[in-house]
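Worksheet: one structure, shown below.
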Amino acid sequence: MRIATYNVNGINGRLDILLRWLKESRPDIVCLQELKAPQARFPKQALEKAGYGAVWHGQKAWNGVAILERDAVPILTRRGLPDRTTDDESRYIEAIAGGVIVGCLYAPNGNPYPGPKFTRKLDWFKSLTRYGETLLEFGMPAALIGDFNVMPTDLDVYNPARWQDDALFRPEVRKAYRDLVETGWTDAVRALHPDEQIFTFWKYLRNAFARNAGLRIDHCLLSPDLAPHLTACGVDRHVRGWDKTSDHAPVWIELSL
DNA sequence: ATGGCTCACCCGGTGAGA
């Protein structure tokens, strides 16, 4: 079973890109972030035509997350994190797909540092960590997948020195990610490729993709009963090279289930 | 090199992304 995550950066503006990638890669389950579309403007029919059922959590102009399943409709289990019911941003959706609890997330950016947005990012990670512990206690195969907006280590940044004071790389945020992982999750890409430099995002600016000036910020975390089934993972880098593409590339994992 | 892109908002300049 293949599970992928893709920050599409506008699902309607880049629908052709998304459909092209789905057609060539045919993942079983897909987590999408940054839909940038209100609930009523999700392209349900176009995805159905491509063979994917969907659940989604939209928002006007910003954020927005969705889970797709090939030849099925995911069973929605949650919209939003339990700690953040006053939060009006669409950053978490969860469903059962392929027998796995799939939590699809889009963490806050947190810039500028310091400031209220940065503090909110740390709070959001605490909420995610706490809820993740609840998921682990269920004892059902679970995965937290999406755009975490954090580079966990120096290896995940093309030029670590330049990112020291950025909200995606501040020590507080890296610690928040580490605290989350240490409650029992496995970072799939690092489990299989501990020493390889792997990027999932390249800025639009300054020819970043051609220079490979990238970051690893899209992650797949697996519960203890799922991690032993991990057989492969990768980044569909070539998608980032397409015309009018997202600034992220799709990331995928393969599970022997 | 903190943005030189790119998006959604709805038609022009603003806020946000990372």
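First the proteins, then the strands, lettered A, B, ... as listed; each starts at 1.
- Side-chain proximity of Glu34(A) to the nucleotides dG3(B), dG17(B), dC9(B) is greatest for dG17(B).
- Comparing Leu205(A) and Asp147(A) by the nucleotide of DNA chain B that holds the closest heavy atom to each, the one mapping nearer the 5' end is Leu205(A).
- For the pair Ser90(A) (side chain) and Gly58(A) (backbone), a donor-acceptor distance under 3.5 Å is present.
- dG15(B) and dC10(B) have their C1' atoms separated by 15 Å, with the value rounded to a whole Å.
- In the set dC7(B), dG3(B), dG17(B), the nucleotide with an atom closest to the side chain of Lys203(A) is dG3(B).
- One interatomic measurement links the two molecules: CG of Asp247(A) to P of dA8(B), which rounds to 12 Å at whole-angstrom precision.
- In this structure, the CG atom of Leu35(A) is 15 Å from the C1' atom of dG17(B), given to the nearest Å.
- Residue Tyr106(A) is in sugar-phosphate contact alone, with no base atom involved, counting any heavy-atom pair closer than 4.0 Å across all strands shown.
- Among the protein residues, Asn7(A) comes within range of the sugar-phosphate backbone only, with heavy atoms under 4.0 Å from sugar or phosphate atoms but none that close to a base.
- Among dG3(B), dA8(B), dG17(B), the nucleotide with an atom closest to any side-chain atom of Lys117(A) is dG17(B).
- Remark: P of dT2(B) and CZ of Arg206(A) are 7 Å apart, rounded to the nearest angstrom.
- Glycosidic conformation of dC10(B): anti, with the torsion beyond 90° of 0.
- Atom C1' of dG12(B) sits at a distance of 16 Å from the matching atom of dT6(B), rounded to the whole Å.
- Taking atom CD of Gln59(A) as the reference point, atom P of dC9(B) lies 11 Å away to the nearest angstrom.
- Note that Arg240(A) lies outside the cation-pi zone of Phe199(A), set by a 6.0 Å cut-off to the ring centre and a 45° limit from the axis.
- Aromatic ring orientation, Tyr92(A) versus Tyr131(A): perpendicular (interplanar angle above 60°, classes split at 30° and 60°).
- Separation of the C1' atoms belonging to dT14(B) and dG3(B) is 16 Å when rounded to the nearest angstrom.
- Between dG17(B), dC5(B), dA16(B), one nucleotide has an atom nearer to the side chain of Trp62(A) than all others, and that is dA16(B).
- For Tyr204(A) and dT2(B), the OH to C1' distance is 18 Å, given to the nearest whole Å.
- Whole-Å rounding puts the Leu15(A) CG to dA8(B) C1' distance at 16 Å.
- Nucleic acid contact for Asn12(A): none, since no nucleic acid atom lies under 4.0 Å from a heavy atom of the residue.
- Proximity note for Arg14(A) (side chain, C-beta onward) versus dA8(B), dC5(B), dC7(B): the nearest is dC7(B).
- Here the P atom of nucleotide dG15(B) and the CD atom of Glu89(A) are 16 Å apart, to the nearest Å.
- For Lys60(A), taking side-chain heavy atoms from C-beta onward, the closest of the listed nucleotides dC5(B), dC9(B), dA16(B) is dC9(B).
- At a threshold of 4.0 angstrom between heavy atoms, the contacts of Lys244(A) with the nucleic acid are absent.
- By the rule that hydrophobic residues join a cluster once side-chain heavy atoms approach within less than 4.5 Å of another member, Met151(A) and Phe148(A) end up as members of separate clusters.
- The residue among Gly13(A) and Asn111(A) whose nearest nucleotide of DNA chain B is located toward the 5' end is Gly13(A).
- Judged by distance alone, with hydrogens and angles left aside, the side-chain atoms of Thr231(A) form a donor-acceptor pair with the main-chain N or O of Glu254(A) at under 3.5 Å.
- Comparing atom distances between the Arg41(A) side chain and each of dC7(B), dG17(B), dC9(B) picks out dC9(B) as nearest.
- Side-chain polar atoms of Asp236(A) and Tyr6(A) form no donor-acceptor pair below 3.5 angstrom.
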